[in-house]
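Each remark here refers to the structure printed beneath this line.
Position 1 is the first residue of the sequence; numbering continues from there.
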Amino acid sequence: MTVKAMRRAFVTAATVIAVAAAATACGSPQETATGGGDAAAPVKVGIVHSQTGPLASYGKQYIDGFKAGLAYATDGTNKVGDRAIEVTEVDDAGDPAKAVSAVKDLIGKGTKIIAGSTASGVALQVAPLAAQNKVLFISGPAATDAVTGVNKYTFRSGRQSYQDVMTAKSFIGDAAGKKVVVFAQDSAFGKSNEGAVKAVIGGAGATVSSVLAPASATDFTPFASQLKAAKPDLLFVAWAGTTAPAMWQTLDQQGILASTTVVTGLDIRASWPTFGAAGTKISFLSHYFDGASDNPAAQAARSAVGGTLDLFNPDGFTAAQMVVRAVQEGGDDVDKMVTALEGWSFDGVKGKLTVRAEDHALLQPMYQATLTGSGDQLTAKLEKALTAEEVAPPAAAMKG
């Protein structure tokens, strides 16, 4: 996603090594776990995620990635030593209450490792249960920053919102003195993005203002006029829902895309056609897309899911790698699992990943991309990979 020095950036956020080396980082899957317990008993892992509901497509990508990652981290055995990894999947439909009920049931049946959480609201309800019951919880695609540092038993296998916004910031470089406008829906989602931009990019010296449209809006011409008149160095647009195609068409028709560099959060592949003719005129901040990385883990994941990776496949793959590491080093002792994950660096689909010991943030690369083609033939191209250090969130104090 090349950004020309003299062009303004217009950003939209939707809201996204050798096999031997990987084996060394994870430890051999054939080694006996060192944390005690029955050396032959299965290890129970509960995956509570969206199988139905508005985020079902995200959940499908996650579980496909998890299965691929489990096979990769165990050399195809799905075992650590003699212990089988016994996975139970439960649908929370994106409903925190259903997730809490499912997690309690799994814990009652002796499950000491919980993973999943497609939705942020779910993750924030499950995390306290992990601490109360002293079980390991590895949150999935849920991007809320609040998961990081929430308690010592909670980790994450995906990115967080701060990393998205730092990727957005990369399009303007030094933010000091720059003018940033947030275009978003007047909703909790839109306002959370507005707040993140003010905190991260505004905190770096930019002047941040907002144009908020009612969630029910269908005529976007008045908002496009405001945005064009504002002449921002960076316009960060947070949009969700069925009005997105009309919004993008209006911005294109009003000449905004032609006069600025437009950057949007790159969602799952199925959503790309919604950009219409605007798709190839936008630059994208991305958590992941097929082709963003090419290493043994990515190759294994791609093969396992049918040849093309998508946005949240890496989150599941990474979760499985973390589960295997936890069992290898901790056995049935959850505190030893926690210690084993804290500070651990390993090679995943995205490249080198590190679990920061202080707050369990997952430090990872992020990406700039562009789209080429049209309709359902759009293809994403990597323009720049940002290092984990470039987008790392500030360390948070562990709350519990």
Side-chain angles (χ1 to χ4, degrees), residues 1-16 164-165 167-175 177-186 190 193-194 197 201 206-214 217-267 269 271-286 289 366-384 386:
M1 192 177 302
T2 303
V3 180
K4 295 181 180 179
M6 298 304 293
R7 297 180 71 190
R8 302 183 184 90
F10 183 126
V11 181
T12 302
T15 23
V16 233
D164 284 339
V165 180
T167 306
K169 178 179 172 293
S170 72
F171 290 97
I172 56 169
D174 184 2
K178 301 291 178 62
K179 184 178 181 181
V180 178
V181 175
V182 178
F183 180 39
Q185 291 156 308
D186 191 2
N193 278 272
E194 176 189 27
V197 173
I201 305 180
T207 299
V208 180
S209 60
S210 305
V211 174
L212 300 180
T218 56
D219 179 7
F220 300 104
T221 302
F223 304 106
S225 297
Q226 292 181 58
L227 299 176
K228 193 170 184 178
K231 297 181 180 180
D233 297 295
L234 177 69
L235 182 56
F236 187 106
V237 180
W239 212 267
T242 58
T243 58
M247 182 272 292
W248 284 115
Q249 182 180 42
T250 301
L251 295 188
D252 192 13
Q253 290 174 341
Q254 294 300 310
I256 294 174
L257 307 189
S259 61
T260 63
T261 298
V262 180
V263 184
T264 185
L266 191 60
D267 202 353
R269 293 178 63 89
S271 73
W272 297 357
T274 65
F275 293 110
T280 57
K281 303 174 186 179
I282 304 169
S283 297
F284 295 88
L285 65 92
S286 176
F289 58 91
M366 295 288 286
Y367 309 99
Q368 296 181 354
T370 52
L371 292 177
T372 58
S374 62
D376 59 4
Q377 300 301 310
L378 286 167
T379 301
K381 177 185 176 183
L382 175 66
E383 298 293 345
K384 182 180 180 181
L386 302 174

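- The ring pair (Phe, Tyr, Trp, His ring centres under 6.0 Å) search around Phe220 returns Trp239, not counting sequence neighbours.
- Note that the NZ atom of Lys231 and the OG atom of Ser259 stand 9.5 Å from one another [nearest 0.5 Å].
- In this structure the side chain of Met366 reaches within 4.5 angstrom of the side chain of Asp164, judged on heavy atoms.
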Please list every donor-acceptor pair under 3.5 Å in which a side-chain atom of residues 272-280 meets a protein atom from a residue at least two apart or in another chain.
unit_1: Trp272; atom_1: NE1; unit_2: Asp267; atom_2: O; d: 3.0
unit_1: Trp272; atom_1: NE1; unit_2: Ile268; atom_2: O; d: 3.3
unit_1: Thr274; atom_1: OG1; unit_2: Ser271; atom_2: O; d: 2.6

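- Across Leu234 and Ala168, no two heavy atoms sit closer than the pair CD1-O, 4.3 Å.
- The shortest side-chain heavy-atom distance between Ile201 and Val165 falls under the 4.5 Å cut-off.
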Could you go through Leu212 and Glu194, starting from their C-alpha distance and side-chain angles, then the distance that decides it, and tell me whether this counts as side-chain contact (heavy atoms from CB on, under 4.5 Å)? CA-CA 9 Å; Leu212 300 180; Glu194 176 189 27; 4.1 Å; yes
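- In this structure, Tyr367 and Leu266 have side chains that are not in contact, with every pair of non-hydrogen atoms separated by 4.5 Å or more.
- Scanning both residues, Val181 and Pro232, for their nearest heavy atoms gives CG2-CB, 3.7 Å.
- In this structure Thr221 satisfies the side chain to side chain donor-acceptor pair (under 3.5 Å) test together with Asp219, sequence neighbours excluded.
- The stretch residues 250-265 participates, sequence neighbours left out, in these salt bridge (charged side-chain N to carboxylate O under 4.0 Å, His left out) pairs: Asp252-Lys281.
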Would Gln377 and Thr379 count as a side-chain contact (heavy atoms from CB on, under 4.5 Å) here? Give the steps. CA-CA 6 Å; Gln377 300 301 310; Thr379 301; over 6 Å; no
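- In this structure Gln226 satisfies the side-chain contact (heavy atoms from CB on, under 4.5 Å) test together with Val211, Phe223, sequence neighbours excluded.
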May I have the step-by-step check of side-chain contact (heavy atoms from CB on, under 4.5 Å) for Gln185 and Thr243, ending in yes or no? CA-CA 10 Å; Gln185 291 156 308; Thr243 58; 4.0 Å; yes
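- Applying the side chain to side chain donor-acceptor pair (under 3.5 Å) test to Thr250 and every residue at least two apart in sequence or in another chain returns nothing.
- Taken to the nearest 0.5 Å, the CG atom of Leu227 stands 5.0 Å off from the CD1 atom of Ile256.
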Residue pair Val237, Thr264: steps toward the side-chain contact (heavy atoms from CB on, under 4.5 Å) verdict: CA-CA 7 Å; Val237 180; Thr264 185; over 6 Å; no
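- The line from OG1 of Thr370 to CG of Leu382 is 9.0 Å long, rounded to the nearest 0.5 Å.
- Listed by first and then second residue, the salt bridge (charged side-chain N to carboxylate O under 4.0 Å, His left out) pairs involving residues 238-251 amount to none (not counting sequence neighbours).
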